[in-house]
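A quick write-up on the structure given underneath.
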Amino acid sequence: MAVETMTIEVAEASAVGFKAIGAGLAVGLAGMGTGLAQLGIGGAAVGATAENKEMFGLALLFTVIPETVVIFGLVVALLLLFT
Amino acid sequence: MFKVQRMSKLLIAASKDQLEPVIRELYRHNVFHIEDFVEQGEEGYEGFKIGKPIEGASATSGKLLRIRSLSNMIGISAGDVESGVVQGKGALSTRIESELPKIEDEIGVLVERRNSFESNHREYIQKLEDLEIFAKVPMDLSLLRGYDGFDVFAGSIPQDVELPVDSEKFFTAEVPGNLLIAVVPKESSQEVERFLVDNGFTAVAIPVEDGTAESNIEKYNQEITRLESEIGQLSEQISAQKEKHAEFLVACEELLTADVERAEAPLRFATTNEAFVAEGWVPSDDVESLTNDLRASTGGKVFVTEEEINYDEDAVPIEYNSPNWAKPTEALMDIYSRPQYTEFDPTLLVAIVFPIFFGFILGDIGYGAVLLIMSFGLRKLVKDSVAGNQLLDVLRNASVSSIIFGVLYSEFLGFACPWNPIIMSRHFNIGAAHGGHGPEAILLLIVTAWIGILHITLGRAIHARNAMIQLHPGEHRSKVVFAQIGWIIVMWGILLAIWTIAPIPMMPDLTGAMAIAGYNIFLLVGALMILIGIVGIGRESALELMELPTIISHVLSYTRLAAVGLSSVAIAAVTNFISIGMIIEPAMADFGIVSIVMIIVGIVVFLIGHILNTALGLLGGGLHSIRLHYVEFFTKFYQGGGRKYEPFGIIRKFTED
């Protein structure tokens with residue numbers, strides 16, 4: 001079994017890699033959370049709008065509320081990548 | 001400027017013989033929003049009844065109905081017709097009397113014939129479908145029916161079967177689903193039916209036709225071809241008629257609609273046997289000219305007075321009062337809700353801030369230019385829709401802002417322009433060959449947080465202003481105002497506290513400030529502000545305190561301006577890198593026949609990537625910008641729910657009185 005020697009370069013490179021993985025997880029998981037939340041709201045919103053067109057503004061508003069979650073994910077990812 | 005159009009409540013009263021001139025004048029001015037009279041014994045209206053339509057209303061609406069059904073039959077709408085010559089009322093009325101019946105006959109005959117042909121056509125197609133499964137049956141279809149002692153089964157079945165009783169059977173696998181026909185004695189038909197169902201048999205109806213199925217299919221196909229050509233000819237004749245009469249019909253419709261609306265107006269007035277009273281709303285600027293014209297047209301026999309508005313009971317109809325350049329934004333406001341009469345009308349603020357947000361997110365000269373072209377190119381699609389045109393105007397303003405921000409960010413379709421970014425850089429420098437640092441993401445995030453802090457502070461301040469104007473002076477009002485100020489103080493208190501913890505670029509650094517009893521003085525001040533603010537909020541409603549975390553989450557929500565923007569730049573940069581860096585450049589370096597293919601592939605990738613990113617940019621830039629207004633900004637102060645101002649009258653295009 002070959003044992004890799006841990007040099008400083010290797011450590012730095014893997015730190016960068018872990019940051020990238022972390023950023024990916026932040027966006028990906030937050031996106032899934034938003035998606036799950038929007039699943040229900042979006043369906044109900046489309047139904048409400050179909051019954052009464054005036055609901056559109058309010059329906060849109062409700063639908064985009066969970067989007068904040070994925071934006072937080074994106075912000076965390078950006079912080080990870082660029083600090 | 002930040003108020004909706006000022007309205008006056010007018011009361012018009014006159015004797016009944018002045019009804020017609022008054023209605024005509026109101027209709028012509030097109031400014032009077034009629035308040036419908038409801039018989040409920042309101043104070044001062046005892047003994048009043050809803051008016052009756054002016055004589056001739058039902059005859060006119062009968063004619064209008066005929067015109068509309070005619071227009072409907074041949075598919076004319078006012079939007080399809082260019083307004084050419086404006087027709088006078090007298091000439092048009094005589095033409096309606098003389099020409100309308102003739103046109104009705106001509107078109108009616110054509111449409112009726114086409115309808116009957118079309119119903120035959122449908123019927124034959126149905127018959128063809130029914131016959132299809134019998135196409136391979138060699139015998140006469142009349143042989144399959146009319147037996148006293150036998151039952152005939154026909155239908156599809158997965159595979160051929162041997163029937164358990166004495167029978168005549170035909171099976172073919174040449175049609176989809178296979179066909180099985182069995183003629184069995186009546187007494188064993190139940191047994192056969194059970195057997196067949198067990199074998200997956202689905203019965204079909206036997207067509208009532210003579211001759212073989214094949215000959216019938218041929219016959220119907222010929223009929224269908226004949227009918228199709230007949231229908232085509234009739235459609236041509238109908239569209240020739242449509243061409244010929246379109247202008248006349250839309251003019252008639254407009255004239256008659258105006259007549260009917262005027263004739264039915266008394267239904268909305270309060271009347272007695274001798275007099276009538278009309279109540280309604282007029283923009284304050286138009287009161288004088290309307291009053292003067294009403295007096296002139298009735299020879300002074302009308303009483304017009306301005307009533308005082310009771311803001312607690314009257315629902316004042318709302319018309320925006322924004323400068324022309326901000327008018328398109330009214331579409332965005334209508335999607336949410338019209339403002340109330342006494343509240344702050346944020347249309348102008350949205351008109352300024354929305355394009356800035358959009359540009360901040362999608363700051364790119366290339367995308368901005370594409371969207372600008374789109375905002376002009378799509379005009380044809382929304383020719384008649386006011387809201388559609390307004391939304392395209394909004395898109396136009398937003399894309400101009402996008403181009404301006406593109407210059408500031410130095411971006412063109414994700415490439416860097418020859419100059420350095422004038423504000424923050426969003427360039428990604430993707431690819432191994434590129435060095436340099438990435439986008440100034442942290443700076444962007446902080447700038448957007450600042451935008452959020454200021455926007456929310458503004459929203460809360462507007463709420464306090466609304467409360468000062470809308471609520472009656474007293475304890476309730478002071479609680480509301482202090483609560484709003486409390487929200488602002490808590491937010492800034494939190495900010496002060498944060499600034500003492502760690503230095504943040506583009507924000508004051510208070511970490512080194514004087515300390516009292518071991519604590520940073522600003523931290524203490526911040527804590528005090530938070531406390532005072534919470535008391536202010538709690539005094540209005542303790543439940544509101546649950547919302548305290550939104551102070552932070554709403555400010556952070558504004559960082560989407562940076563985040564969504566960066567993701568759009570990243571997609572553009574990746575598209576450019578894949579198409580040019582990874583496909584086209586290597587192909588150019590080692591040029592051969594394959595290179596040409598590779599270059600084409602590269603161009604396709606480039607186009608698809610950027611088309612996708614334009615669509616995403618439009619959606620992202622537009623939706624996120626408007627969402628920040630709707631969710632983060634409007635929830636701080638905006639009530640909405642105003643009633644639309646709909647004046648009595650129409651804008652005439654084709655006719656005049």
Side-chain angles (χ1 to χ4, degrees), chain A residues 9 12-13 15-35 37-46 48-83, chain B residues 331-338 361 387 424-426 428 437-446 448-449 452 504-505 549-550 552-570 619-620 622-635 638 640-641 644:
Chain A
E9 291 87 64
E12 274 175 356
V16 172
F18 279 125
K19 266 189 177 180
I21 292 174
L25 283 175
V27 175
L29 292 176
M32 277 165 70
T34 299
Q38 284 189 335
L39 170 77
I41 305 175
V46 170
T49 313
E51 290 212 351
N52 178 4
K53 268 194 172 176
E54 282 176 16
M55 287 293 297
F56 179 77
L58 210 55
L60 184 73
L61 201 154
F62 287 147
T63 315
V64 296
I65 283 175
E67 237 158 56
T68 312
V69 177
V70 74
I71 299 294
F72 290 166
L74 201 53
V75 170
V76 168
L78 289 173
L79 286 172
L80 275 176
L81 288 178
F82 299 107
T83 42
Chain B
L332 293 180
M333 295 299 298
D334 274 341
I335 291 177
Y336 192 83
S337 184
R338 281 207 178 206
I361 292 176
M424 296 134 297
S425 159
R426 304 201 298 176
F428 264 85
H437 55 81
E440 294 168 274
I442 302 303
L443 282 189
L444 278 163
L445 291 177
I446 292 167
T448 50
I504 302 171
T550 60
I552 294 172
S553 73
H554 280 186
V555 169
L556 284 183
S557 187
Y558 279 80
T559 54
R560 72 182 64 225
L561 292 173
V564 176
L566 279 177
S567 66
S568 152
V569 183
L619 271 179
L623 270 184
H624 284 288
S625 307
I626 199 58
R627 174 226 135 94
L628 281 177
H629 280 94
Y630 286 170
V631 183
E632 271 79 18
F633 189 49
F634 281 0
T635 50
Y638 193 59
K644 197 179 172 196

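Chain letters run A, B, ... following the sequence lines, proteins first, then strands; residues in each count from 1. All values below were derived from every heavy atom in this structure, side-chain atoms included, with hydrogens, water molecules and symmetry-related copies excluded. Note that the structure is a prediction, hence the values are computed from the model and not measured.
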Show which side-chain atoms of residues 65-78 of chain A pair as donor or acceptor with protein atoms under 3.5 Å away, not counting sequence neighbours.
residue: A:E67; atom: OE2; partner: A:Q38; partner atom: NE2; Å: 3.2
residue: A:T68; atom: OG1; partner: A:I65; partner atom: O; Å: 3.1
residue: A:T68; atom: OG1; partner: B:R560; partner atom: NH2; Å: 3.3
residue: A:T68; atom: OG1; partner: B:R627; partner atom: NH2; Å: 3.0

Side chain to side chain contact (heavy atoms under 4.5 Å, CB included), that's the test. Do B:L628 and B:L561 meet it? Break it down for me. CA-CA 9 Å; B:L628 281 177; B:L561 292 173; 3.7 Å; yes
Is chain A contacted by the side chain of B:L623, its backbone, both, or neither, given a heavy-atom distance below 4.5 Å? side chain
Side chain / backbone / both / neither for B:L556 at chain A, heavy atoms under 4.5 Å: both
Side chain to side chain contact (heavy atoms under 4.5 Å, CB included) assessment of B:H629 paired with B:Y638: CA-CA 10 Å; B:H629 280 94; B:Y638 193 59; over 6 Å; no
Under 4.5 Å from any heavy atom of chain A - which part of B:H554: neither
Side-chain donor/acceptor pairs under 3.5 Å, residues 17-28 of chain A, sequence neighbours excluded:
residue: A:K19; atom: NZ; partner: A:T83; partner atom: O; Å: 3.1

What part of B:S337 gets within 4.5 angstrom of chain A, counting heavy atoms only: side chain, backbone, both, or neither? neither
